[in-house]
Asks: 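Sending over a structure as structure tokens; questions will come in a sec.
Note: hydrogens, waters and symmetry copies are ignored here, and every other heavy atom, side chains too, is used. Both ligands and their constituent atoms are indexed starting at 1 by order of listing. A quick note: this is a predicted structure, and the numbers were derived from the prediction, not measured.
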Amino acid sequence: MSDNLAADRQALASLIDEASRVVVFTGAGISTECGIPDFRSPGGIWSQLKPIDFAEFMASTQVRQEAWRRKFKLDDEFADAKPGRGHKAIAHLIGTDKISHIVTQNIDNLHQASGVPRERIIELHGNSTYAQCLECTTRYELEWVRAQFEPEEQPPNCQKCGGVIKSATISFGQSMPQAEMARAHEATLEADLFLAIGSSLVVYPAAGFPSLAKQHGAKLVILNREPTRLDEIADLVIHADIGTILAPLGP
Ligand code: NAD
């Protein structure tokens with residue numbers, strides 16, 4: 001182990017030790033070791049597929065067909081993804097009551113799969129493991145949507161109100177979920193330590209939470225293998241692999 005790595009781990013462990021209310025903010029980088037590519041690293045999802053924005057999805061049946069086609073293909077690719085070392089370490093710290101909340105941009109359900117209770121997870125961009133009617137919010141399981149869709153590639157509409165059904169994620173151009181934004185805001189203001197892990201910190205409004213925490217007196221740690229635009233305001237910046245750094249904090 002390099003001296004830097006040991007010093008970084010020690011510095012992180014000390015900050016966590018001294019803190020009484022930690023908020024963890026996670027991005028796609030925590031799930032790359034689980035086999036789910038992020039958006040912005042070389043070879044990331046974005047370099048292969050332009051995201052479909054919300055207005056396009058709503059405006060055209062062809063776009064909705066393409067969205068469901070992509071969704072089921074990606075689901076098949078990532079079906080075996082399991083929580084990684086970072087998820088497990090965070091779940092362990094939640095168990096010791098050090099961490100109050102996980103505010104996540106991720107949609108992959110891996111924090112839940114690592115055993116973290118639902119009420120401790122704030123999903124800013126939704127969850128890709130189910131679908132919802134955009135009108136009446138009725139939940140639909142993906143198996144049902146797939147069974148309706150696949151024979152003739154017809155995107156199903158809501159059985160109750162006829163509304164458009166969409167994966168329960170927030171697309172570019174779609175409104176942010178108000179309740180989750182409010183909970184994340186409150187948790188951030190109450191934190192005395194804010195750990196931003198595996199996010200490029202460029203997707204707003206989610207990326208506003210680390211600076212909000214800092215402005216309200218929390219210490220800010222950024223863990224990312226690449227520099228981010230908020231590195232200069234952080235109290236500790238660790239440029240290293242997430243799993244490698246967090247594993248010793250785990251069970
Ligand atoms: P991003 O792709 O913009 O940034 C990921 C960051 O993680 C990059 O800066 C990269 O350097 C870093 N990173 C990747 N692997 C790492 C590792 N092993 N160790 C250390 N750093 C690592 O992701 P974002 O900031 O979360 O924003 C993208 C949006 O994409 C979010 O809104 C999210 O909803 C969505 N997204 C989610 C998933 C997921 O749920 N797993 C995957 C891709 C995209």
Asks: Report, in ascending order of atom number, the atoms of ligand 1 lying under 4.0 Å from any heavy atom of A240.
Replies: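 Listed by number with element: 19 (N), 20 (C).
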Asks: Is any side-chain heavy atom of H87 closer than 4.5 Å to a side-chain heavy atom of S31?
Replies: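 Touching, per the 4.5 Å side-chain cut-off.
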Asks: Check each heavy atom of V203 against ligand 1 and say whether those closer than 4.0 Å belong to the side chain, the backbone, both or neither.
Replies: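 The answer is the side chain.
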Asks: For the 3.5 Å polar cut-off, considering only N or O atoms, please tell me whether I242 and ligand 1 meet it.
Replies: yes
Asks: So is there a nitrogen or oxygen of F39 less than 3.5 Å from a nitrogen or oxygen in ligand 1?
Replies: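 By distance alone, the answer is yes.
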Asks: E226 heavy atoms, cut-off 4.0 Å: which ligand 1 atoms fall inside?
Replies: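 Taking each heavy atom of E226 in turn, ligand 1 has 11 (O) under 4.0 Å.
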Asks: Tell me whether E152 at atom CD has more than 12 heavy atoms from other residues, nucleotides or ligands lying less than 6.0 Å away.
Replies: no
Asks: Does the side chain of H111 come within less than 4.5 Å of I90's, by heavy atoms?
Replies: yes
Asks: Would you say CZ of R139 has more than 12 non-hydrogen atoms from neighbouring residues, nucleotides or ligands within 6.0 angstrom?
Replies: yes
Asks: At under 4.0 Å between heavy atoms, is it the side chain or the backbone of T32 that contacts ligand 1, or both, or neither?
Replies: side chain
Asks: Should the proximity of H125 to ligand 1, defined as any heavy atom under 4.0 Å, be assigned to the side chain, the backbone, both, or neither?
Replies: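 The part of H125 near ligand 1 is the side chain, not the backbone.
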Asks: Run the side-chain contact (heavy atoms from CB on, under 4.5 Å) test on V145 and Y130 for me, step by step, so that the C-alpha distance in whole Å, both residues' side-chain angles and the decisive distance to 0.1 Å come before the verdict.
Replies: CA-CA 9 Å; V145 178; Y130 62 98; over 6 Å; no
Asks: If you take the nearest heavy atom of each of N224, V202, N127, which one is closest to atom 8 (C) of ligand 1?
Replies: N224
Asks: Pull out every atom of ligand 1 sitting under 4.0 Å from any heavy atom of G198, numbered as shown with elements.
Replies: 5 (C), 6 (C), 7 (O)
Asks: Considering all heavy atoms of both residues, which atom of L142 and which atom of F72 are nearest to each other, and what is their separation?
Replies: O-CE2, 4.1 Å
Asks: What atoms of ligand 1 come within less than 4.0 Å of a heavy atom belonging to P37?
Replies: 42 (C), 43 (C)
Asks: Between L134 and I165, is there a side-chain heavy-atom distance shorter than 4.5 Å?
Replies: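 No. Closest side-chain heavy atoms not under 4.5 Å.
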Asks: With a 4.0 Å heavy-atom cut-off (strictly under), which part of S128 contacts ligand 1: side chain, backbone, both or neither?
Replies: neither
Asks: List the steps and the verdict of salt bridge (Lys or Arg N to Asp or Glu O under 4.0 Å) for R146 and D76.
Replies: CA-CA 12 Å; R146 195 169 188 159; D76 287 346; 2.9 Å; yes
Asks: Give the atoms of ligand 1, by number and element, whose distance to some non-hydrogen atom of I36 is under 4.0 Å.
Replies: 41 (N)
Asks: Could you check whether any side-chain heavy atom of I102 comes within less than 4.5 Å of a side-chain heavy atom of T26, counting everything from C-beta outward?
Replies: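 The answer is yes; the side chains approach within 4.5 Å.
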Asks: Taking the non-hydrogen atoms of A207, is any one of them nearer than 4.0 angstrom to ligand 1?
Replies: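 A207 does not count as a contact of ligand 1 under the 4.0 Å cut-off.
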Asks: Quick test of your reading of the structure: of T26, L110, T169, N106, whose heavy atom lies closest to atom 37 (C) of ligand 1?
Replies: N106
Asks: Classify the contact between S31 and ligand 1 as side chain, backbone, both or neither, using a heavy-atom distance cut-off of under 4.0 Å.
Replies: side chain
Asks: Is the shortest heavy-atom distance from the side chain of S171 to the side chain of K166 under 4.5 Å?
Replies: yes
Asks: Please, which pairs that meet side chain to side chain donor-acceptor pair (under 3.5 Å) have at least one residue in residues 235-244, sequence neighbours excluded?
Replies: R85-D241, K214-D235, D231-H239, D241-T244
Asks: Relative to ligand 1, is I107 under 4.0 angstrom through side chain, backbone, both or neither, heavy atoms considered?
Replies: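 The answer is both, backbone and side chain.
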Asks: Give the atoms of ligand 1, by number and element, whose distance to some non-hydrogen atom of G27 is under 4.0 Å.
Replies: 26 (O)
Asks: Could you tell me which atoms of ligand 1, counted from 1 in the order shown, lie closer than 4.0 angstrom to a heavy atom of A28?
Replies: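 Those qualifying, in numeric order: 23 (O), 24 (P), 26 (O), 38 (C), 42 (C), 43 (C), 44 (C).
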